Amino acid sequence: LRTAGAVIIGKTNLSEWANIRSTKSTSGWSGRGGLVKNPYVLDRNPCGSSSGTGAAIAANLAAVGVGTETDGSVVCPSSVAALVGIKPTIGLVSRFGIIPISHSQDTAGPMARTVTDAAVLLNAMAGADPRDAATSSTPAVREDYTAALKATALQGARIGVARAQYFGYSAQADSLIEAAIMRMKVQGATIVDPADIPTAARLDACEIEVLLYELKADLNAYLATRGIATAGTLKDLIAFNERERTREMPYFGQDLFVRAEAKGPLTTPEYVTASGLCRRLAGEQGIDAVMQMHQL
């Protein structure tokens, strides 16, 4: 980013351990930074886990920001702060330096107030990194994402609406989405509605298994590179949280950490099975099947 001309202003607060410590965690709260506030409505949740980035960019503290996402941590804070958030395909942006949850899902991604700004930021972020093997297939010639920013870009595009899974929770949110769908129609898109993902309801069960196994393995590997004698493993972190319960766990515990610590290595048959099932349900039987069926 600096090479591309960016000025790095600072770091922001985020959800404690990116919301992977507990099933009861509060988005935007950490023992170090307290609670992030939504700049539009100060008593509303900023979502997470890249809560501070979303709040800071929405509040105009900076032009653009970088969030990290395993599952929703860029797009959720972006959605509640009127931002554009992009979760890139794994391997487009280096994961080096990101405190891990899951090597199969973690990535950094741009957060900005406009599509143009997000595309400019992604241009600077994307590329191969010898410290991250997942980026090895990145083309040597970088793609210019701003080249796709055309007023006529939606003409002839086929856009699917996954209505069964993602509507009905909030009438206000639904009305905004319906208005956006109508605007896409006006701009020339063909809307396929519904275009539901048939496997969506089955993803959560296998995903949490994958996350817990990978959290233990990936976090232990990361901590081993940091040289912190008292926090070299997930087990050490669990013990630290217990010792510092007043500061670290005043509102919620660490049930997910405890469940992850109980998992075996990534060669465990249960992990291998869950990982393969998740990939099939999400990919070939999920979004890939829908895209192919409706030619989206």
Side-chain angles (χ1 to χ4, degrees), residues 1 6-88 93 97-101 105-118 120-122 125 166 168-177 179-180 211 215 237 240-241 244-257:
L1 296 182
V7 176
I8 309 299
I9 293 177
K11 298 179 181 180
T12 55
N13 191 23
L14 76 160
S15 309
E16 181 92 355
W17 290 103
N19 279 340
I20 195 62
R21 198 181 77 180
S22 171
T23 54
K24 307 295 185 182
S25 62
T26 298
S27 284
W29 184 89
S30 72
R32 184 173 178 85
L35 183 64
V36 176
K37 296 183 177 182
N38 186 317
Y40 283 102
V41 189
L42 295 178
D43 65 350
R44 298 298 179 89
N45 194 300
C47 207
S49 59
S50 300
S51 313
T53 306
I57 304 310
N60 205 22
L61 302 184
V64 294
V66 176
T68 61
E69 175 167 327
T70 305
D71 184 345
S73 293
V74 165
V75 296
C76 188
S78 295
S79 73
V80 301
L83 300 179
V84 177
I86 300 173
K87 182 183 182 181
V93 174
I98 295 176
I99 297 176
I101 292 176
Q105 289 184 234
D106 294 342
T107 183
M111 299 170 68
R113 289 189 295 277
T114 69
V115 176
T116 298
D117 285 352
V120 169
L121 183 56
L122 186 57
M125 293 172 64
Y166 305 112
Y169 179 79
S170 163
Q172 292 89 341
D174 285 356
S175 68
L176 291 172
I177 300 171
L211 293 187
L215 171 64
L237 294 176
F240 171 85
N241 288 333
E244 301 292 338
R245 173 173 285 274
T246 301
R247 293 192 301 167
E248 278 296 327
M249 298 193 293
Y251 307 114
F252 56 90
Q254 53 180 341
D255 56 295
L256 289 179
F257 266 18

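Everything numeric here is computed off the predicted structure, so don't read it as measured data.
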Spell out, as yes or no, whether a donor-acceptor pair under 3.5 Å connects the side chain of [X] to the backbone of [Y].
X	Y	value
N38	A55	no
S79	C76	yes
E69	V74	yes
T26	W29	no
N13	S51	no
R113	V84	no
S50	T53	no

Exactly one of R21, R32, Q254 clears side chain to side chain donor-acceptor pair (under 3.5 Å) with E248, and that residue is R21

Minimum heavy-atom distance T70-K87, with the two atoms named: O-NZ, 2.7 Å

Where Q105 and L211 come nearest, the two heavy atoms and their spacing: OE1-CD2, 3.6 Å

Could you give the distance from CG (D106) to CD1 (I101), rounded to the nearest 0.5 Å? 6.0 Å

Side chain to side chain contact (heavy atoms under 4.5 Å, CB included) with S15: which of S25, C47, P46, S49?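 The passing option is S49.
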
